[in-house]
Number of protein chains: 2
Amino acid sequence: MGATHMLQDNAIVKHMAVPGQHYGAAESAKDHTIRLKADETIYSEGEYAFAIYQVEAGAVRIYRLTPSGQRYILSFCGKGEWFGLETGNVRTDFAEAVCDARITPFRANRNAVVPVDLLNIALTNLAKAQHKQLVITEQSALKRVAAFVHEMADGHPGDCEFDMMMSRSDIADYLGITVETVARCFTKLREKRILCLKGRLQRVVRLLDRDALISLTI
Amino acid sequence: MGATHMLQDNAIVKHMAVPGQHYGAAESAKDHTIRLKADETIYSEGEYAFAIYQVEAGAVRIYRLTPSGQRYILSFCGKGEWFGLETGNVRTDFAEAVCDARITPFRANRNAVVPVDLLNIALTNLAKAQHKQLVITEQSALKRVAAFVHEMADGHPGDCEFDMMMSRSDIADYLGITVETVARCFTKLREKRILCLKGRLQRVVRLLDRDALISLTI
DNA sequence: CGTATGATTGACGCCGTTCAAACCACGTGG
DNA sequence: CCACGTGGTTTGAACGGCGTCAATCATACG
């Protein structure tokens, strides 16, 4: 999190980053960890936004519903990532646990101090959103799925085997394609000997050829 | 710009918004207006990021080049909008004037104060990026173009006739479709009597049926 | 064993890409 | 003035990939 950002030598900006400084004070902004079961709702569109959250374990999906009722997943948040920071006071999207998860809320109590760099969180989320735009417009379903697996693999550095946790339907709504196409792309990746799928629901990936995967996403 | 955001009653956040308060001080962060000709470069990928910018007149395109050399336009910035706020010290994208334009840079000089709410800018840009994700995945080229025209129309409230300024190629790279498809969609919008196109390069839109346009984007 | 849920596979049609040509307004120079 | 070239836009024809609808498979659970 300690990433520096531009304009960092600015006096105002400096004041924003007080990591852990006020944490543990009499009136801490940090609440206790919340344990969530799979698919449990964290907040919904239209609700009052009183906190931001950090993922401790598991994964969270942030999504919106189009007027036609279709779900579009804006982002998945894994361990260490922040979500729930909005422009206004009202939620514009939904947050749910993808699987069993733990998250920590940070409330904005009066006089309490949030021990986090909000600007950094906002800019990180912006960078994620921009990268996703590139992935999505970078047409060809196979490229999108490859980029998704790559993204998941980045969340597990070192491991060549990991659990994606999300369903095919989650992946489809995240990449803007259909479940069937997602399945077809995964079989293509298997045929190309880039990965294996394991587990009851085929959500555990074993990476066989990371380089080939990356070259697909380009 | 003065939009409130969540956690606004937080002490740290309060300190960030000092609109105009320090402006005009001995060492102002605001530089003089820059005048740009069409297609002139503002900054490029890899450069050191020392300032953010506000558009005074005209329009600016923010884009990236994929490894395969394809251009993808992340956003257009019109009058009043901010761009150039990045996560790191190094530019990750390019900024160019779409047409003749005027912009104001805000440097991060030592001891100088940026009279703007950086968090608000970041969150606004994040909201824009998220909305664009919905537009793009909301497949069907016609819907994308309709959403684009709608977005342009929002920049000219009240006017039913305005200049889009960008070329078909700009629009294509912005929406992730081809120039030909963009042209076909515009003729469809003309056939549906939703708009007329004027000017030598057919970039001036006259909106005939705003409601029909909006209902297309849903 | 029957049902339910989620993943996979197949067949077919449509929409957008690709390649190509035409068009239009505006220059230039003969 | 006309011929020609240029940059941007539009239109046409053919191909291919993804969505749709449907059936099948695998595993878990009552």
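Numbers restart at 1 for each chain; the letters A, B, ... are given by sequence-line order, proteins then strands. Computed from a predicted model, the values in this text were never measured in an experiment. The analysis underlying the following values was restricted to heavy atoms, covering all of them including side chains, and did not include hydrogens, waters or symmetry mates.
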key: Side-chain donor-acceptor contact under 3.5 Å, Thr104(A) with Gln54(A)   = no
inquiry  = Tell me whether the side-chain N or O atoms of Arg184(A) pair up with the base of dG10(C) as donor and acceptor below 3.5 Å, since no angle test is needed here.
reply    = yes
query = Residues from residues 174-181 of chain B sitting under 4.0 Å of DNA chain C, heavy atoms only?
reply = Gly176(B), Ile177(B), Thr178(B), Glu180(B), Thr181(B)
key: Side chains of Thr92(A) and Glu45(A), donor plus acceptor under 3.5 Å   = no
ask   = Is Ser169(A) near enough to dG6(C) that one of its side-chain N or O atoms lies under 4.0 angstrom from OP1 or OP2?
value = no
note = Rounded to whole Å, the CD-P distance (Gln139(B) to dG17(D)) equals 18 Å
query = Over how many whole Å does the gap from Leu142(A) atom CG to dG19(D) atom P extend?
reply = 13 Å
remark   = Heavy atoms of Gly84(A) and Arg91(A) approach each other most closely as O-NH1, 2.5 Å
ask   = Rounding to a whole Å, what distance do you find between Met166(B):CE and dT9(D):P?
value = 12 Å
key: Among dA7(C), dT10(D), dT8(C), the one nearest Leu197(A) by side-chain distance   = dT8(C)
task = Report yes if a donor N or O on one partner sits less than 3.5 Å from an acceptor N or O on the other, where the partners are the side chain of Arg168(A) and the base of dT5(C); otherwise report no.
result = no
ask   = What is the distance, rounded to the nearest whole Å, between atom CZ of Arg200(B) and atom C1' of dT9(D)?
value = 11 Å
ask   = Lys143(B) has an atom NZ; how far is it from atom P of dG16(C), in whole Å?
value = 11 Å
query = With respect to the phosphate group of dA7(C), does any side-chain polar atom (N or O) of Arg203(A) fall under 4.0 Å of OP1 or OP2?
reply = yes
ask   = To the nearest Å, how far apart are Arg144(A) CZ and dC18(D) C1'?
value = 10 Å
request  = Is it possible for you to check whether Arg168(A) lies under 6.0 Å from the centre of the six-membered ring of Phe186(A), through NZ or CZ, and within 45° of that ring's axis?
outcome  = yes
query = What is the distance, rounded to the nearest whole Å, between atom CD of Gln202(B) and atom P of dA25(C)?
reply = 9 Å
query = Under 30°, 30 to 60°, or over 60°: which ring-plane class applies to Trp82(A) and Phe106(A), parallel, tilted or perpendicular?
reply = tilted
inquiry  = Expressed as a whole number of angstroms, how long is the span from Asp170(A):CG to dT5(C):P?
reply    = 16 Å
query = Is it the case that Tyr72(A) and Glu138(B) place a side-chain donor and acceptor less than 3.5 Å from each other?
reply = no
task = Would you tell me whether Glu151(B) and Tyr174(B) have side-chain atoms, one donor and one acceptor, within less than 3.5 Å of each other?
result = yes
